Amino acid sequence: MTERAHDTTSAAADTPSGRPIRVLVAEDQSAVRDGLVLILRTAPDIEVVGQAVDGEEAVRLARELRPDLVLMDIQMPKLDGVSATRLVVRDGSAAVLVLTTFDLDEYVFGALSAGAAGFLLKNTDAQGLVDAVRTVARGGGLIAPTVTRRFIAEFASRSPGPKRDDVASRTARPPGEGSGDRTVLDSLTPREREVLSCLGEGLTNADIAARLDTAESTVKTHVSRLLGKLKLRNRVQAAVLSQELGE
């Protein structure tokens with residue numbers, strides 16, 4: 001279902017164009033869905049433009065509405081969240097932030113392999129949810145803090161050999177299709193390689209800035225440039241690549 005417009009005149013927009021972040025919420029349980037929508041609507045820079053009750057509707061509405069982000073439940077009828085995420089990302093309809101009750105490897109691996117930019121647990125508090133939406137809408141990647149380092153290391157360890165030439169495909173693929181070719185890093189400056197290594201440890205921009213004794217804005221610039229050079233979608237993919245290559 002699509003949403004009627006609500007007041008966003010006071011929004012401190014967090015998108016490159018300066019407009020509110022447009023979000024599609026996909027969750028089959030009505031009480032949970034209503035709660036998510038209520039939380040998101042408390043943020044002046046976020047606009048809920050639609051709600052989907054199953055995976056098929058999520059894919060259809062993403063194509064129709066072209067939101068900035070789809071907040072996707074992992075377990076839904078008709079089409080599960082992982083499959084729906086794969087289709088949304090393939091279509092280029094929106095970035096996807098996956099939400100689930102369970103901190104299970106199979107869900108994390110499935111979501112990130114399908115191309116999700118983030119993975120968040122449903123026990124995340126309201127501010128954490130809003131911050132996650134903002135992070136992903138800005139082009140960042142995010143994994144629930146409780147699973148970040150374990151996930152990155154485990155995902156990378158399941159990835160022994162390349163299948164395709166572009167770097168992005170190596171970190172947006174099912175486990176088992178990895179790369180050990182360090183020549184992909186030749187385009188990076190020494191500083192960018194340091195930042196990549198920090199991403200592999202699951203550090204935030206603030207953490208990296210403190211470690212490298214530099215400004216957080218500088219770290220953001222380095223992250224953006226290394227993602228572009230490596231043709232990666234987000235910092236989660238960069239973190240996985242760093243672990244794969246032993247950076």
Side-chain angles (χ1 to χ4, degrees), residues 1-4 21-41 46-124 129 132-133 135-137 139-144 147 151 154-155 158-159 163-164 168-177 232-234 236-237 240:
M1 68 188 79
T2 57
E3 301 288 303
R4 289 183 296 178
I21 301 166
R22 303 175 68 253
V23 178
L24 168 64
V25 177
E27 163 65 59
D28 64 305
Q29 297 183 50
S30 59
V32 177
R33 187 174 64 253
D34 291 345
L36 293 172
V37 170
L38 184 62
I39 291 171
L40 294 177
R41 284 180 173 166
I46 296 175
E47 178 184 6
V48 177
V49 296
Q51 300 178 41
V53 300
D54 58 59
E56 289 184 355
E57 186 176 28
V59 174
R60 178 178 60 79
L61 287 179
R63 288 169 177 164
E64 292 178 2
L65 301 174
R66 294 286 170 171
D68 298 301
L69 180 145
V70 178
L71 186 60
M72 184 85 73
D73 181 29
I74 204 81
Q75 294 181 306
M76 289 190 295
K78 295 187 178 180
L79 188 67
D80 65 87
V82 171
S83 299
T85 293
R86 185 171 290 109
L87 292 174
V88 170
V89 172
R90 185 196 66 185
D91 292 345
S93 302
V96 178
L97 175 60
V98 169
L99 200 61
T100 182
T101 306
F102 306 104
D103 172 14
L104 297 178
D105 285 347
E106 62 183 284
Y107 292 141
V108 185
F109 294 146
L112 275 295
S113 294
F119 177 93
L120 204 61
L121 300 179
K122 286 184 179 178
N123 62 5
T124 302
L129 174 62
V133 167
T135 295
V136 173
L142 181 144
I143 308 176
V147 298
F151 163 77
E154 179 64 17
F155 193 102
R158 294 188 179 196
S159 311
K163 284 288 184 181
R164 306 206 311 262
S169 70
R170 296 167 183 167
T171 50
R173 42 101 182 75
E177 296 184 11
L232 300 174
R233 280 195 294 267
N234 55 60
V236 175
Q237 291 186 347
V240 173

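Note that this is a predicted model, so its numbers are computed, not measured. These values consider heavy atoms only, across backbone and side chains, with no hydrogens, waters or symmetry-generated copies.
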Discussion item. Let's go through Glu27 and Asp34 carefully: what are the C-alpha distance in whole Å and the side-chain angles of both, what is the deciding distance for side-chain contact (heavy atoms from CB on, under 4.5 Å) to 0.1 Å, and is it a yes or a no?
Written reply: CA-CA 9 Å; Glu27 163 65 59; Asp34 291 345; over 6 Å; no

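- The side chain to side chain contact (heavy atoms under 4.5 Å, CB included) search around Leu79 returns Glu56, Val59, Ser83, Ala84, Leu87, not counting sequence neighbours.
- Under a 3.5 Å cut-off, the side chain of Gln29 and the backbone N or O of Ala31 do not form any donor-acceptor pair.
- Side chain of Arg22 to backbone of Leu65: a donor-acceptor contact under 3.5 angstrom is found.
- Listed for the Arg66 side chain is a donor-acceptor partner under 3.5 Å among the backbone atoms of Gly92.
- Remark: Asp80 pairs with no residue by the salt bridge (charged side-chain N to carboxylate O under 4.0 Å, His left out) rule, at least two apart or across chains.
- Residues that satisfy the side chain to side chain contact (heavy atoms under 4.5 Å, CB included) test with Asp28, not counting sequence neighbours, are Asp73, Met76, Pro77.
- Contacts of Arg63 classified as salt bridge (charged side-chain N to carboxylate O under 4.0 Å, His left out), with partners at least two apart in sequence or in another chain: Asp91.
- Applying the side chain to side chain contact (heavy atoms under 4.5 Å, CB included) criterion to Ala62, with sequence neighbours excluded, gives Leu24, Val70, Val88, Ser93.
- Two residues are said to be in side-chain contact when any heavy atoms from C-beta on lie closer than 4.5 Å; Leu36 and Lys122 fail this criterion.
- Annotation: side chain to side chain contact (heavy atoms under 4.5 Å, CB included) contacts of Ile39 (sequence neighbours excluded): Ala126, Leu129, Val130.
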Worksheet item: Would Glu64 and Leu61 satisfy side-chain contact (heavy atoms from CB on, under 4.5 Å), going step by step from the backbone distance to the final call?
Response: CA-CA 5 Å; Glu64 292 178 2; Leu61 287 179; 3.7 Å; yes

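- Screening Thr135, Val23, Val136 against Leu97 for a side-chain contact (heavy atoms from CB on, under 4.5 Å) leaves a single residue, Val136.
- Of all heavy-atom pairs between Ala116 and Val98, the closest is CB-CG2, 3.8 Å.
- Exactly one of Val25, Leu99, Val96 qualifies for a side-chain contact (heavy atoms from CB on, under 4.5 Å) with Met72. That residue is Val96.
- To the nearest 0.5 Å, atom CD1 of residue Ile74 and atom CG of residue Leu120 are 12.0 Å apart.
- For the atom pair Glu47 CD and Ile21 CD1, the distance stands at 11.0 Å (nearest 0.5 Å).
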